[in-house]
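Reviewing the structure listed below.
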There are 2 protein chains.
Amino acid sequence: MPYSIGQVATQTGITEYTLRFYDKAGLLPFVKRNAAGRRQFSSADVDFINLISCLKDTGMSLAEIKNFVDMSLAGDVTLPQRLALFKRQQQAVRQQIQDAETRLAKLDHKVRFFQAACDAGSEAAVTGQCVLPVVPAAAETPDHSA
Amino acid sequence: MPYSIGQVATQTGITEYTLRFYDKAGLLPFVKRNAAGRRQFSSADVDFINLISCLKDTGMSLAEIKNFVDMSLAGDVTLPQRLALFKRQQQAVRQQIQDAETRLAKLDHKVRFFQAACDAGSEAAVTGQCVLPVVPAAAETPDHSA
DNA sequence: CCTTGACTTAGAGGCTACTCTAAGTCTTAT
DNA sequence: ATAAGACTTAGAGTAGCCTCTAAGTCAAGG
């Protein structure tokens, strides 16, 4: 028992507009139509759409995803390429996590800085305790601007 | 000794175009000009630009960053708001890391699936061992397509 | 003086990924 | 039969973020 586009939109949280957009873009070549030309999604289709969402969230562009879809349609010959693609994406996500952790550390630093500044009631009071400068402080230099 | 826009571009990896774009967008109101109207970046400016990069990488929009810049210029009154902003962004990044880990697990699963499929030489051979279906398999159903 | 090259501006163009409108078709219930 | 509501298409519009062009200014070297 197939699903309509509206039902899939509800299930996946992707709007009908976007689903049609993906279809137009060649990301959903497997979706069947009924006699009236309406899309009929199987639950395997829905699962695949969720996979697309997942890939997109890892930072894969629609073009790359289309590439993967095309490979999938091409059959078993492309298995090694698809394996390679997922390994690459795996690495990419690992890198993303590392980068995010680096940024988190910077944010932690900032939070400590602003906590101290808030407690002290002024930024100038804690400047110098923080490596990351905030706006060339109006408080720090006597100011000789125009 | 101040830096030119070209030097800052080299140092930060942000193109001159983008730096000017950021300036136009009000993200760099602190950058001074020389008599000829050319931008002169201090090293504090460069540090701040790196902070902007960092915030952008955490998913903050330029509009939000502008908001932060404006608050910084407004002085110590906005310290609590800035603290709150960084705390929010900290939480956002923690969430991003969690989400990335969830996706990484899915990718790991996919890699295992395709590794098995590659070893077996066909997708059909390992289908059913994987929750995430790949394209409504040409291999699984007898196929009655056009 | 004149060229080279780094800078200035305003504004046009481009890319990705939607998001929506318009006009029309199909399905279902009353 | 007809009205409501979910669907169809092509194509225009939007948002965010650059990216570049054109035309001009300025400083230093030959």
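Each chain gets a letter, A, B and so on, in the order its sequence line appears, and its residues count up from 1. Since we're looking at a predicted model, the values are computed, not measured.
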Report task. Could you tell me which non-hydrogen atom of A:Gln90 sits nearest to which non-hydrogen atom of B:Asp108, and how far apart they are? Result -> NE2-OD1, 2.5 Å

Query raised in the report: Side chains of A:Arg112 and A:Gln115: do they bring a donor and an acceptor to under 3.5 Å?
Result: no

Query raised in the report: For A:Lys24, which contact category applies under a 4.0 Å heavy-atom criterion: base, sugar-phosphate, or nothing?
Result: base

**Report entry** A:Arg38 side-chain N/O to D:dT9 phosphate OP1/OP2 under 4.0 Å
**Finding:** no

**Report entry** Test item: side-chain donor near acceptor, A:Asp45 and A:Ser42, under 3.5 Å
**Finding:** yes

Query raised in the report: Can you check the B:Tyr17 OH to C:dA12 C1' distance for me, whole Å?
Result: 13 Å

Report task. Give, ordered by number, those residues of residues 4-12 of chain A having at least one heavy-atom distance below 4.0 Å to an atom of DNA chain D; if nothing qualifies, reply none. Result -> A:Ser4, A:Ile5, A:Gly6

**Report entry** Rounded distance in Å - CG (A:Asp23) to P (D:dA10)
**Finding:** 11 Å

**Report entry** Integer-rounded Å distance: C:dT9 P and B:Arg20 CZ
**Finding:** 7 Å

Query raised in the report: Does B:Thr78 offer a backbone N or O that forms a donor-acceptor pair with the side chain of B:Gln81 under 3.5 Å?
Result: no

**Report entry** Check: A:Arg33 and A:Arg38 side chains under 4.5 Å, non-hydrogen atoms
**Finding:** no

Report task. Could you label the plane-to-plane angle of the A:Phe114 and B:Phe68 rings as parallel, tilted or perpendicular, counting under 30° as parallel and over 60° as perpendicular? Result -> perpendicular

Requested in this report: Send over the distance from B:Glu16 CD to C:dA6 C1', rounded to a whole Å.
Outcome: 7 Å

Requested in this report: Answer with base, sugar-phosphate or nothing: what part of the nucleic acid does B:Arg39 contact at a heavy-atom distance below 4.0 Å?
Outcome: sugar-phosphate

